[in-house]
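Please read the structure below before turning to the comments.
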Amino acid sequence: MSSELFLHHYDASPFSQKAIKMLAIKGVRWNSVIHPMIAPKPELTALTGGYRGTPVLQIGADIYVDSQRIVEELERRLPTPTLYPGGRGAAHMMCEFGDAYFRAGLDIAIKEFSAAWDPAFYADRDKVFPDIDFSSAGARFSDACARLRSAARFIDLQLSDGRAFLFGDAPGLADIQCYVVNWFTRAGFPFVEKLLSDFSALAPWEQRMAALGEGDRCEVDASMAHEVARSSASATCSEVDLDDPLGLNPGDNVLVMPLTSSRGEAQGELVRLAADEVAIRPQAALIDHVVVHYPRLGYFVGRAKTN
């Protein structure tokens, strides 16, 4: 079984940048597998069985979807330095705040850039975020700027006592969730500098986050990741919480898909179900015997319909 880390991603994605910063904090060697920004992504769905979002972390034949699940697995396998310097629960609760902060930045990006987007890219992003009306982004622009500024104020307040990072002297998941929004909005929109100019603690904190770098990164082809998956065995044991409200059993045919975005769904045999994750052996994966792990929060899990 391979213990190599393969991150399937593309660099321009704020979501992928979250995983990259996690790997940087852990200080580990990792393999970068670049995928297209838009669907189709056949080399990715060959592993996931249908999910096409990034980032996706691969360790042998185990595939971890979403930064919320990736951080849990990295922490389990590589406990030091921790990604939870302020506590695991508090860090994950910050994910909801980070998502709201990101949505403000996304509204700004849609308004500023979407008119110049390639039609295929526009159609893809419009599909990925079905709850956002791209055509009315201009009308929401002032509100989006206000939301971005209001959220940034809370980050500045947390840092205002002179601490280096949100939960003290060490960076972690909470910092990552917030930093990626500043990373892409400052780089893309000069007016954001003025929006955030009252918050003196932000820029030094961003510089400290940027200085973490990317860890020990090595570029590889998807074919190498696929070969590792083929030659490995999943380390996941079958384990289903029979008290879970869904009432599912090991081996049930289930459907898993994101709740608030359209990044593809997967159907397969239930391997693990707990309060923090669902893992399936997807039917449509082209790489046999892989097990795909999703977080519970933010994802629908249910029995798959049979024909």
Side-chain angles (χ1 to χ4, degrees), residues 1-9 13 15-33 35 44 47-49 51 53-95 98 170-177 180 212 214-218 220 225 228-229 232-241 256 258 263 266 268 270-282 285 287 289-299 301:
M1 181 183 68
S2 173
S3 60
E4 287 185 276
L5 306 178
F6 293 86
L7 187 68
H8 299 264
H9 71 113
S13 164
F15 300 103
S16 293
Q17 288 297 321
K18 292 180 186 182
I20 290 172
K21 285 302 179 191
M22 292 173 195
L23 293 163
I25 291 172
K26 291 298 184 184
V28 294
R29 180 177 176 81
W30 59 280
N31 297 303
S32 167
V33 185
H35 292 273
L44 180 61
L47 290 168
T48 65
Y51 183 84
T54 54
V56 169
L57 179 69
Q58 175 193 345
I59 307 176
D62 285 291
I63 314 298
Y64 300 92
V65 163
D66 197 293
S67 58
Q68 288 192 69
R69 186 62 192 85
I70 290 171
V71 68
E72 295 264 30
E73 193 60 25
L74 287 175
E75 190 74 2
R76 186 182 75 82
R77 292 176 183 254
L78 304 163
T80 55
T82 184
L83 290 164
Y84 302 130
R88 177 178 173 185
H92 278 278
M93 285 188 282
M94 281 289 290
C95 292
L173 177 62
D175 298 275
I176 292 168
Q177 288 285 345
V180 296
L212 295 173
E214 297 187 336
D216 187 1
R217 173 174 176 167
C218 178
V220 301
V228 167
S232 301
S234 169
T236 306
C237 297
S238 180
E239 180 185 5
V240 173
D241 179 3
V256 183
R263 297 180 186 274
L270 182 63
V271 177
R272 186 172 190 275
L273 185 71
D276 60 341
E277 83 158 344
V278 57
I280 67 170
R281 191 169 287 110
I287 309 299
H289 65 257
V290 295
V291 173
V292 182
H293 304 249
Y294 297 83
R296 287 296 292 273
L297 286 179
Y299 288 79
V301 183

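Atoms considered below: every heavy atom in the structure, side chains included; atoms not considered: hydrogens, waters and symmetry mates.
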With the side chain counted from C-beta on, respond yes when [X] and [Y] share a heavy-atom pair under 4.5 Å apart, and no when they do not.
X      : Y      : value
Ile59  : Arg77  : yes
Pro171 : Ile25  : yes
Asp62  : Val290 : no
Ile20  : Lys18  : no
Val220 : Phe6   : yes
Val56  : Leu47  : no
Val301 : Leu270 : no
Asp216 : Val28  : no

- Message: Regarding Tyr51 and Asp66, do their side chains bring together a donor and an acceptor under 3.5 Å, going by distance alone?
- Response: no
- Item | Polar contact flag, side-chain donor to acceptor under 3.5 angstrom, His293-Glu73 |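 No, no side-chain donor-acceptor pair sits under 3.5 Å.
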- Please find out if less than 6.0 Å separates the ring center of Phe15 from that of His9. no
- Task: Take His92 and Val71, measure what side chain to side chain contact (heavy atoms under 4.5 Å, CB included) needs, and give me the verdict at the end.
- Result: CA-CA 10 Å; His92 278 278; Val71 68; 3.6 Å; yes
Counting distance only, does the side-chain N/O of [X] pair as donor-acceptor with the main-chain N or O of [Y] below 3.5 Å?
X      : Y      : result
Asn31  : Arg217 : no
His289 : Ala229 : yes
Glu4   : Gly60  : no
Ser234 : Thr236 : yes

- Task: For Leu212, look at atom CG and say whether over 12 heavy atoms of other residues, nucleotides or ligands are found less than 6.0 Å away.
- Result: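 Result for CG/Leu212: enclosed.
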- In terms of heavy-atom contacts, Ala225 and Val33 come closest through CB-CG2, 4.3 Å
- Task: For residues Cys95 and Gln68, report the shortest heavy-atom separation together with the two atoms involved.
- Result: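 Between these two residues, the closest heavy atoms are SG-CG, 4.1 Å.
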[X] and [Y] ion-paired at < 4.0 Å:
X      : Y      : answer
Glu75  : Lys26  : yes
Arg272 : Glu277 : yes
Glu214 : Lys21  : no

Enter the distance from [X]:[atom1] to [Y]:[atom2] here, rounded to the nearest 0.5 Å.
X      : Y      : atom1 : atom2 : result
Leu5   : Trp30  : CG    : CH2   : 10.0 Å
His8   : Ser16  : NE2   : OG    : 11.5 Å
Ser67  : Leu57  : OG    : CG    : 11.5 Å
Ser232 : Ile287 : OG    : CD1   : 11.0 Å
Ile70  : Leu173 : CD1   : CG    : 11.5 Å

- From CA spacing to verdict: side chain to side chain contact (heavy atoms under 4.5 Å, CB included), Gln58, Val228: CA-CA 9 Å; Gln58 175 193 345; Val228 167; 4.2 Å; yes
